[in-house]
Amino acid sequence: MFIYDSVQKTKLLLEPIKAGEVSLYICGPTVYDDAHLGHARSSLSFDLLARTLRMVGYKVIMAKNFTDVDDKIIKKIKETGKSLQEITSYYIDRYLKEMEALHIGRADIEPKATESLDAMTAMIQKLMDLGFAYRIGSGDIYFDTSRDSHYGELSGRIGDDAESQKRIEFVEEKKNPKDFVLWKACKTGETICFEAPFGLGRPGWHIECSAMIDAHFHGSGQYSIDIHGGGADLLFPHHENEAAQSRCATGHELAKYWMHNGFVQIDGAKMSKSLGNSFFLKDALNVYDGEILRYYLIGVHYRNDFNFNEDDLQVAKKRLDKLYRLKNRLAPISLSIPSEEFKKALLDAMSDDLNISVALSVIDAMIASANEKLDLNPKDKALKSETAANIRLIDELLGFGGKIPTEYFQIGIDEELKRETERLISKRTEAKKAKDFAASDAIRNQLDAMGIRIMDTSDGTTWEKL
RNA sequence: GGAGCCAUCGCCAAGCGGUAAGGCCGCAGCCUGCAAAGCUGCUAUCCCCGGUUCAAAUCCGGGUGGCUCCUCCA
């Protein structure tokens with residue numbers, strides 16, 4: 001298995017700390033609003049990674065956190081009058097449901113910041129004891145970046161210039177502009193306060209992941225976990241800061257490999273709230289089935305930017321349709337085992353830093369070949385059961401193709417329309433039998449106007465919703 | 001101001017020094033009452049200019065264009 005390490009900026013052979021086992025920590029969402037397509041893409045990227053690692057034979061332990069204490073959540077509390085718990089549990093619940101719709105597997109460990117306070121305060125205390133952190137007059141505790149000689153190496157930002165320092169929030173008492181907050185002391189009027197040995201307050205953002213990783217993974221003498229992942233925007237400052245804290249508190253590096261996924265863009269620009277072009281996952285799921293959305297969103301290599309476009313989404317659906325049409329020719333059949341050649345080609349592609357494009361082309365080739373053989377010999381049972389097993393493999397590795405074809409093609413069809421469709425089809429079959437092609441073609445046009453496409457096969461007429 | 005990523009057929013998209021995968025669209029054919037579906041065949045020398053090499057889309061230098069990070073962000 002090869003993966004691209006975004007710190008070393010090169011593709012590397014994955015050599016886990018512990019043979020046969022891969023520990024994975026993914027930066028999850030801050031739960032103050034609905035998930036957008038960018039969250040989906042990030043989750044999808046690491047879902048593919050976990051699935052591939054498992055199929056290649058690794059035991060995978062994946063953690064993905066929920067940031068449920070944060071300034072934006074506090075802002076939401078003020079705006080809505082709801083409690084922190086109400087807000088965060090609502091958005092966590094929605095997040096998980098939406099990710100499920102995209103067939104994204106759950107992480108093995110899903111820590112929440114509010115449930116990891118002991119780990120965080122312990123790490124902050126340790127950093128203070130070791131002289132890596134200091135407290136200012138307000139009670140806030142900062143990490144002293146000047147004490148970490150490796151600070152800046154992760155993101156390659158060693159000599160930051162004046163212009164970039166201007167952008168950092170100015171706090172007079174900070175020793176160094178790059179120093180970041182570990183603990184925000186409770187100020188007058190603030191209600192979201194937690195107890196800590198150093199007083200009431202709440203944790204800074206960066207400490208969360210470091211503390212959770214420390215709490216949940218044993219690691220080795222050199223690294224806490226194998227792979228740390230997240231969106232490309234997290235490399236700096238978030239991951240730089242995490243790495244610094246962990247290095248100073250534990251004496252070893254946080255992760256052996258770092259992986260970052262690219263952005264989802266809308267009309268060539270980064271999707272973000274401030275630009276007013278964010279696309280919520282819930283809105284997309286309202287219009288498109290989760291499986292189609294999944295197929296579309298994984299279609300571009302995870303490190304590249306992804307330009308969201310509804311036309312391209314339709315193209316993705318067409319491609320997925322072909323898989324289901326093949327599956328439709330198979331059923332009902334018992335599975336045998338997948339073709340060795342197919343499995344190898346698929347795994348070879350995904351083992352090469354998740355080369356999804358090659359993987360999808362391998363699938364297309366398998367579909368074409370199976371269709372061709374079935375055209376020649378429609379009753380080839382061995383081929384059918386092997387093909388069915390191939391599709392089962394695709395579902396396991398890539399997370400699509402698992403539905404029953406008729407369900408897939410009839411998503412969003414109500415019972416009434418379904419009955420009407422079937423009634424018209426049998427009427428058309430009668431007309432065809434009587435060689436009344438004018439009548440049968442009229443019915444076909446009528447169905448077409450209803451959004452139903454029909455196909456005559458040797459086994460009768462099948463139909464799909466357009 | 002600093003740091004980085006990207007640029008491949010009309011569109012989407014692989015490629016990681018050895019002579020351009022795949023999908024959509026289009027065209028031709030097989031199949032079909034006609035379609036649809038399926039199958040077969042056809043369609044690019046890789047933004048520009050230099051350089052390294054027996055060999056470059058792939059490496060180096062210089063342009064041009066797009067995006068991102070340096071502030072919360074997947």
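Values below: every heavy atom of this structure, side chains too, minus hydrogens, waters and symmetry copies. All chains are named by letter (A, B, ...) in the order of the sequence lines, taking the proteins before the strands, and each is independently numbered beginning at 1.
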Any chance [atom1] of [X] has more than 12 other-residue heavy atoms, nucleotides or ligands included, within less than 6.0 Å?
X: K76(A); atom1: NZ; answer: yes
X: K97(A); atom1: NZ; answer: no
X: K344(A); atom1: NZ; answer: no
X: K343(A); atom1: NZ; answer: no

Look at the side chain of [X] and decide which nucleotide, out of [options], has an atom nearest to it.
X: N261(A); options: A74(B), A35(B), G23(B); answer: A74(B)
X: K322(A); options: G38(B), G4(B), A74(B); answer: G38(B)
X: R329(A); options: A74(B), G38(B), A37(B); answer: G38(B)
X: K9(A); options: C67(B), A37(B), C5(B); answer: C5(B)
X: S440(A); options: C70(B), A37(B), G33(B); answer: G33(B)
X: R319(A); options: C39(B), C70(B), G22(B); answer: G22(B)
X: F437(A); options: G33(B), A74(B), A21(B); answer: G33(B)
X: F236(A); options: C70(B), C39(B), A13(B); answer: C70(B)
X: V300(A); options: C34(B), A36(B), A13(B); answer: A13(B)
X: K11(A); options: C16(B), U40(B), G22(B); answer: C16(B)

pair M120(A)-E208(A): side-chain heavy atoms closer than 4.5 Å: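 Yes; the side chains approach each other to less than 4.5 Å.
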Quick one: are D34(A) and D283(A) in side-chain contact, heavy atoms under 4.5 Å?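 Not touching, per the 4.5 Å side-chain cut-off.
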Check every strand shown and say whether [X] touches a base, only sugar-phosphate, or nothing at a heavy-atom separation below 4.0 Å.
X: V264(A); result: base
X: A35(A); result: nothing
X: S42(A); result: sugar-phosphate
X: L234(A); result: sugar-phosphate
X: G38(A); result: base
X: I454(A); result: base

I need the [atom1]-[atom2] distance between [X] and [N], as an integer number of Å.
X: K433(A); N: G33(B); atom1: NZ; atom2: P; result: 15 Å
X: D448(A); N: A35(B); atom1: CG; atom2: P; result: 15 Å
X: F308(A); N: A13(B); atom1: CZ; atom2: C1'; result: 17 Å
X: L235(A); N: G4(B); atom1: CG; atom2: C1'; result: 9 Å
X: Q265(A); N: C67(B); atom1: CD; atom2: P; result: 8 Å
X: N355(A); N: C16(B); atom1: CG; atom2: P; result: 9 Å
X: N307(A); N: C12(B); atom1: CG; atom2: P; result: 8 Å
X: N371(A); N: G38(B); atom1: CG; atom2: P; result: 7 Å

Does R303(A) put a side-chain nitrogen or oxygen below 4.0 Å from OP1 or OP2 of C5(B)?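 So the side-chain polar atoms of R303(A) never come under 4.0 Å of the phosphate oxygens OP1 or OP2 of C5(B).
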With nearest nucleotide decided by heavy atoms, which residue, R453(A) or V358(A), maps closer to the 5′ end of RNA chain B?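 The 5'-side residue here is V358(A).
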Identify, between E372(A) and H39(A), the residue whose nearest nucleotide on RNA chain B lies closer to the 5' end.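 Nearest-nucleotide comparison on RNA chain B picks E372(A).
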Spacing of the [atom1] atoms in [M] and [N] (rounded, Å):
N: C11(B); M: C25(B); atom1: C1'; result: 8 Å
N: U68(B); M: A74(B); atom1: P; result: 16 Å
N: A57(B); M: U52(B); atom1: P; result: 16 Å
N: A44(B); M: G61(B); atom1: C1'; result: 27 Å
N: C6(B); M: C16(B); atom1: C1'; result: 15 Å
N: G26(B); M: G62(B); atom1: P; result: 45 Å
N: U58(B); M: A21(B); atom1: C1'; result: 15 Å
N: U43(B); M: A20(B); atom1: P; result: 13 Å

N/O donor-acceptor pair, side chain [X] with base [N], under 3.5 angstrom:
X: H301(A); N: A14(B); answer: no
X: D441(A); N: G33(B); answer: yes
X: K318(A); N: C24(B); answer: no
X: R444(A); N: C34(B); answer: yes

Nucleotide opposite [N] in a Watson-Crick or G-U pair, distances under 3.5 Å:
N: G29(B); result: C39(B)
N: C59(B); result: G51(B)
N: C67(B); result: G4(B)

Main-chain N/O of A243(A) paired with S246(A) side-chain donor or acceptor, under 3.5 Å: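 Such a contact is absent between S246(A) side chain and A243(A) backbone.
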Has the side chain of N65(A) got a donor or acceptor atom that lies under 3.5 Å from a matching backbone atom of G28(A)?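 Such a contact is found between N65(A) side chain and G28(A) backbone.
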Just checking, any donor-acceptor pair under 3.5 angstrom between side chains of D459(A) and T457(A)?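 There is no such pair between these side chains.
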